[in-house]
Amino acid sequence: MRHFFLLLISGLAMYGVWQLTSPLIRQNATKTISKHAYRLFIFIGLLLLLLIAAYYTPALHLL
């Protein structure tokens with residue numbers, strides 16, 4: 001539940017910062033984000049797959 005609140009607060013803060021920036025900066029940021037969106041989705045998908053793998057595999061007994 002703590003993580004949900006952290007994500008909610010950070011999302012609201014990012015929205016506020018986005019609204020306070022100038023339209024020119026927003027336009028440049030939108031171009032940059034759309035340019036790199038494919039790589040970001042692949043990276044996020046890889047992280048989710050690793051999270052699922054970590055959840056379903058048991059811990060290794062090294063000692």
Side-chain angles (χ1 to χ4, degrees):
M1 195 64 163
R2 186 179 351 160
H3 293 97
F4 171 74
F5 286 122
L6 288 173
L7 286 173
L8 180 67
I9 291 169
S10 64
L12 289 173
M14 287 189 302
Y15 176 75
V17 169
W18 181 260
Q19 291 299 317
L20 291 174
T21 58
S22 69
L24 182 61
I25 293 174
R26 275 191 256 163
Q27 184 180 13
N28 290 338
T30 304
K31 285 181 184 178
T32 303
I33 290 170
S34 64
K35 181 180 174 183
H36 298 288
Y38 181 69
R39 293 179 196 145
L40 288 173
F41 283 133
I42 289 175
F43 181 69
I44 291 170
L46 178 66
L47 288 178
L48 285 173
L49 285 174
L50 289 173
L51 179 67
I52 291 169
Y55 179 77
Y56 283 111
T57 55
L60 295 175
H61 299 290
L62 296 176
L63 297 175

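Residues: numbered from 1 along the sequence shown.
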Point to revise | Approximate separation, where rounding is to 0.5 Å, of N28 CG and I33 CD1 | key: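 That separation rounds to 11.0 Å.
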
Side chains of residues 52-59: which donor-acceptor partners sit under 3.5 Å, not counting sequence neighbours?
unit_1	atom_1	unit_2	atom_2	d
T57	OG1	A53	O	2.7

N/O donor-acceptor pairs under 3.5 Å from side chains in residues 40-48, not counting sequence neighbours:
none

Would you be so kind as to tabulate the donor-acceptor pairs closer than 3.5 Å made by side chains of residues 10-21, with sequence neighbours excluded?
unit_1	atom_1	unit_2	atom_2	d
S10	OG	L6	O	3.0
S10	OG	L7	O	3.0
T21	OG1	W18	O	2.8

